[in-house]
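Encoded as structure tokens, the structure appears first; notes follow it.
No experiment lies behind these values; they were computed from the predicted model shown. A, B, ... follow the sequence lines: proteins, then strands. Residue 1 opens every chain.
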Amino acid sequence: MADEVVDHGRRRFLTVTTAAVGGIGVVAAAVPFVESWQPSARARAAGAPVTQSLKKIEPGQQLIVAWRSLPIFIVNRTPQQLATLPKLNPRLVDPNSDVGQQPAYAKNETRSIKPQWLVMIGICTHLGCVPDYKGKIEPEPFDPNWQGGFYCPCHHSHYDIAGRVYKNMPAPKNMEIPAYHFIDDTTVQIGVDPKGAA
Amino acid sequence: MSNVWSNLGDWITERTPGMLPMYRKHMTEYYAPKNFNLWYYFGSLALLVLVAQIITGIFLTMNYNPSAAGAFDSVQYIMRDVEWGWLIRYMHSTGASLFFIVVFLHMFRGIIYGSFKRPRELVWLLGMLIFLVLMAEAFMGYVLPWGNMSFWGAKVIISLFGTIPVIGTHLVEWIMGDFLPGDATLNRFFALHVVALPIVLLLLVVLHIAALHEVGSNNPDGVDVKHGVKGNRWSPLAPADGIPFHPYYTVKDLVGVGFLLLIAAFIIFFAPTLGGWFLEPDNSIAANNLVTPAQIKPVWYFSPFYAIVRMVPSFMDTAVWGVIAMFGSIFVLFAMPWLDRSPVKSIRYRGRGYKIALTVFVIAFLGLCAVGTDTTAEVIPAWFGDVDVTFWENLFGRLMTLLYFGFFVFLWAYTYFGWETTKPVPDRVTTHD
Amino acid sequence: MTKRQGLLRYFVLAALMCALGFASMAQAAEEGGFPSAGTNLRDQASLQRGARLFFNYCVGCHSLKYMRYSRIGEDLGLTEAEVMTNLNFTGAKYGEPVVSAMPADLAVTWFGKDPPDLSLEVEAKGADWVNAYLNSFYLDPSVPLGWNNTVLPNAAMPFPLWELQGMQRAVMAPGKDGQPGTVEKLELAQPGKLTPAQFQQATRDLTNFLEYASEPAALQRHRYGVWVLLFLAAFTLLAYALKREYWKDVHEA
């Protein structure tokens with residue numbers, strides 16, 4: 001009866017087209033909601049590169065600055081501290097920094113651009129605590145043969161003065177080196193690679 | 001491809017035997033009268049706006065900070081720093097006002113076509129409960145941005161409860177959790193606005209629709225389709241004047257959805273404050289308990305009810321009468337099924353007295369709107385020059401209040417004593433598109 | 001009732017609602033009765049000039065605490081270097097909000113109150129009000145700061161743009177029954193660096209910038225709005241065609 005006059009082709013075409021256009025509309029409407037999860041302007045401003053003068057950091061001293069809410073350790077390492085690095089190699093998990101915990105320009109013995117200056121994200125690779133700076137080369141309660149470095153108070157991981165982790169510690173990897181570069185001899189900017197480096 | 005889908009359908013149906021019958025009962029085999037007109041769009045549109053409010057609301061909570069110190073800043077953070085935050089907030093603020101426009105029209109539809117009458121009294125009561133919860137939801141949402149209108153609106157509305165004799169003062173402090181609206185107030189309103197009341201709303205909406213589908217939809221002719229002539233092209237047992245809700249009313253409602261979204265998008269993108277009607281200028285000033293805004297007036301959708309509070313004078317040393325009248329103006333609507341005793345549902349077949357009374361009721365409602373939004377306070381001096389504005393505004397507002405309540409008294413007497421001369425109701429629905 | 005009559009009623013209803021809506025919007029627009037500020041957010045050059053005026057004459061006391069320098073740069077078509085040298089005189093970082101360098105306690109000592117943040121000034125007061133306010137300062141020896149304003153009487157702010165506009169003097173209308181007189185109009189007592197027409201353009205630019213700062217998203221709104229409306233119109237037409245197609249069944253049944 002009436003079914004015979006229904007143009008099924010037209011009906012199917014309109015149904016599919018309306019569904020498709022409606023679907024496009026729903027997806028387009030979802031885009032702003034998905035994108036609202038991106039870091040906001042405030043987060044991006046707070047995550048902007050941080051510039052820090054090094055003038056007031058005495059040899060052997062550590063300064064902590066915040067970058068993207070992360071504690072950034074800046075250490076003015078003495079020649080004595082640097083001299084411990086090669087000696088410690090046998091006691092470390094990853095002495096040559098083969099694991100990608102640093103930019104290519106900091107993959108070297110001192111894990112830094114300039115040997116004197118350590119710039120490092122001060123977060124233990126075990127469960128995210130902030131390790132204490134134990135820079136002096138002197139016996140410590142946790143290691144009578146301490147060569148200077150970082151000691152995590154949470155689960156007692158030991159790191160050397162380049163942030164390399166000791167063997168048989170809870171922490172699996174060396175601490176991370178952020179992107180940074182020197183604007184001039186005494187100013188460092190964290191969050192930006194040196195010119196020409198990837 | 002189609003095989004995959006039908007196999008998937010079979011797989012699900014086997015495991016949830018109730019699903020397909022439920023879908024059929026409410027969609028493909030729910031026979032709605034075929035003569036629905038423009039007024040019948042607003043039910044499904046209200047559902048659409050509810051869903052949109054819930055989605056946008058969830059995303060707003062992700063960046064909103066419910067504290068007296070941080071709320072106002074966090075709204076500006078959403079407007080400026082969060083990607084697309086402005087769009088999500090404007091969708092929510094525009095949606096709030098559109099919700100009330102749609103719901104008012106939906107309720108008016110129920111009144112003119114007698115949709116509250118037997119056997120749909122429960123549908124109406126559940127709908128009124130939805131309206132009541134919606135007003136609470138809207139009020140608490142209005143407080144959250146913590147602008148100066150939010151703050152003073154909260155203070156004034158909560159103070160309404162303070163007019164209740166004996167317990168009033170304690171009740172006000174209990175609602176605020178403080179001696180002025182503050183952190184405690186904001187936090188509890190936030191919890192109610194985003195968690196508790198939406199759950200209640202959703203539950204009531206499900207019950208509202210379930211109750212409706214049990215008795216079947218009314219229509220502009222007020223004809224009982226369900227118990228009339230049987231047999232249509234889809235089923236010999238179905239009502240002759242009924243058509244399957246899906247696909248006929250789903251595709252029709254889609255057109256309504258398109259129109260509503262066009263209106264909403266125009267407001268959201270080109271006039272989000274709508275000249276101060278949807279978002280008030282004074283609310284872009286942070287809450288300040290020392291400075292009252294120049295005019296404390298409620299947002300438009302509360303204005304007719306709030307106007308009644310202002311129009312009822314206090315006597316016997318208490319201002320509670322205005323508050324009683326305001327709540328009365330809402331609760332009297334609950335009684336519609338028992339006030340209106342006319343045997344005829346639709347306005348099309350009702351007496352002239354009813355039509356006149358209803359027109360007067362609409363005028364009274366809009367008039368109270370004008371009083372509540374302070375439009376009369378602006379219009380009276382503009383039109384009549386140097387006159388006593390308060391006197392004339394009160395006279396007008398009180399007349400409108402009397403007419404508002406008078407409608408219900410008249411309606412009861414008119415139908416109870418049989419003064420109404422109705423026209424014969426046809427057996428079948430008349431026009432349809 | 002025929003179908004045609006039914007439709008007609010809806011058109012009348014819709015027309016009435018539209019008329020009511022526009023009437024109320026027009027009413028709202030006229031509120032206060034200030035002349036139109038004539039701002040235009042699409043005029044980027046005007047926004048840039050307004051920003052320059054704000055950072056030269058206003059930011060000494062007033063903050064835009066919800067507005068970031070970086071956002072101003074992006075929206076006004078300025079490079080980071082241009083913003084940092086031409087607009088940012090406080091040493092704030094590019095991504096930071098615009099905060100006045102003036103300490104709040106000092107401001108209270110000088111002006112009796114903390115100069116308000118202007119981030120939402122236009123949203124709260126309206127562009128017309130702000131523009132009128134900026135044009136309505138006059139010399140008034142009877143108030144402590146020497147400056148008064150017809151739009152906001154006894155404003156706590158001494159006129160910061162006087163070197164541009166010059167100095168206005170009030171022409172007083174005599175008061176009734178011994179009441180103090182009212183300001184009838186303002187006239188230029190001493191010209192400034194700009195001609196009156198140039199000064200009006202300058203305040204329009206400044207108001208325009210403040211309007212932008214009230215709601216930077218307005219730029220995006222206008223950009224996307226047209227496309228959204230076109231898309232929805234197409235969808236609605238399509239849905240209507242679909243409805244017509246399906247409802248053929250109902251007409252035959």
* Asked: Is the side chain of A/Arg11 donor-acceptor paired with the backbone N or O of C/Glu245 at a distance under 3.5 Å, no angle test?
  -> yes
Determine whether more than 12 heavy atoms belonging to other residues, nucleotides or ligands lie under 6.0 Å from atom [atom1] of [X].
X        : atom1 : value
A/Lys107 : NZ    : yes
A/Phe13  : CZ    : no
C/Tyr94  : OH    : yes
C/Arg244 : CZ    : no
A/Lys136 : NZ    : no
A/Asn168 : CG    : no

* Per-residue contact mode, C/Tyr246 against chain A (heavy atom under 4.5 angstrom) ->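 C/Tyr246 touches chain A through backbone and side-chain heavy atoms alike.
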* To do: Kindly give the heavy-atom pair with the smallest separation between C/Gly95 and A/Ala45, and that separation in Å.
  =>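 Looking at all heavy atoms of both residues, the closest pair is O-CB, 3.3 Å.
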* Taking all heavy atoms of A/Ile24 and all of C/Phe231, pick out the closest pair and write down the distance. =>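 Taking A/Ile24 first and C/Phe231 second, the nearest heavy atoms are CG2-CE1, 4.3 Å.
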* Do the side chains of A/Arg44 and C/Arg68 get nearer than 4.5 Å, heavy atoms only? ->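 C/Arg68 vs A/Arg44: side chains apart.
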* How long is the gap from OG1 on A/Thr17 to CG on C/Leu238, to the nearest 0.5 Å? -> 6.0 Å
* Which atoms of A/Ala48 approach chain C - backbone, side chain, both or neither, heavy atom under 4.5 Å -> neither
* To do: Check each atom of A/Arg42 against the heavy atoms of chain C and say whether the ones under 4.5 Å are side chain, backbone, both or neither.
  =>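 Contact with chain C is through both the backbone and side chain of A/Arg42.
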